[in-house]
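This report concerns only the one structure given below.
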Amino acid sequence: MKKGGTHERIYAIVRKIPKGRVTTYGTVARLAGFAGQARLVGYALSALPTGTAVPWHRVINAQGKLSLEQKGSSSGITQRLRLEREGVKVDAAGRVALATFGWRLAIGKP
DNA sequence: CCACTGACGAGTG
DNA sequence: GCACTCGCCAGTG
């Protein structure tokens, strides 16, 4: 046990995100011990290989939008699909209501 | 070693 | 709401 994998630390937090909920890069960074380094989370997820057991699709930006979709990445479609499949409603502009689905930010109120 | 790029966030105008 | 700037870390050539 050693290995101070910056990325591994982030993956550990992302894996804790419950299904049907989303969180922001900044929150993940904070919980991982990298407060203020939201970018690291993005970089770590970008290095994530395909077929990983990490629910990266549950991580969005502080604006409540899907960064991938905003960028126009083809992977953005996958993220949106997976979220909606878990019960997360995604706006036409690729925006999610953090007030409802935000993990650790607000208790979902159906 | 230097320069550039990249899944962000907060502040400013 | 949008455009621009700065800070921070990792990978590549």
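When the C1' atom of dG9(B) is taken as reference, atom CG of Leu31(A) falls 16 Å away, rounded to whole Å.
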Detail all sub-3.5 Å separations between protein N/O atoms and N/O atoms belonging to nucleotides 2-6 of chain B.
unit_1 : atom_1 : unit_2   : atom_2 : d
dG6(B) : N1     : Tyr43(A) : OH     : 3.2

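Running 5' to 3' along DNA chain C, contacts with non-hydrogen atoms of chain A at under 4.0 Å begin and end at dG7(C) to dA10(C).
Between His7(A) and Ala47(A) the shortest heavy-atom distance is CE1-CB, 4.1 Å. The shortest non-hydrogen separation linking Trp56(A) to Arg82(A) is NE1-NH1, 3.9 Å. Across all non-hydrogen atoms, the minimal contact from Leu68(A) to Gln79(A) is CD1-OE1, 3.6 Å.
Annotation: side chain of Leu45(A) is in contact with side chain of Tyr25(A) (closest heavy-atom distance under 4.5 Å).
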Passes salt bridge (charged side-chain N to carboxylate O under 4.0 Å, His left out), Glu86(A) versus Arg21(A)? Steps please.
-> CA-CA 8 Å; Glu86(A) 294 183 354; Arg21(A) 286 259 168 80; over 6 Å; no
Audit row: Arg58(A), Lys19(A), side-chain contact (heavy atoms from CB on, under 4.5 Å) steps and yes/no = CA-CA 8 Å; Arg58(A) 291 178 192 147; Lys19(A) 183 180 150 198; 3.6 Å; yes
In sequence, state the C-alpha distance, the side-chain angles, and the governing distance for Lys89(A) and Glu84(A), and then conclude on salt bridge (charged side-chain N to carboxylate O under 4.0 Å, His left out).
-> CA-CA 6 Å; Lys89(A) 195 175 190 294; Glu84(A) 294 191 310; over 6 Å; no
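Within the 3.5 Å criterion, the main-chain N or O of Gly64(A) finds no donor-acceptor partner in the side chain of Arg95(A).
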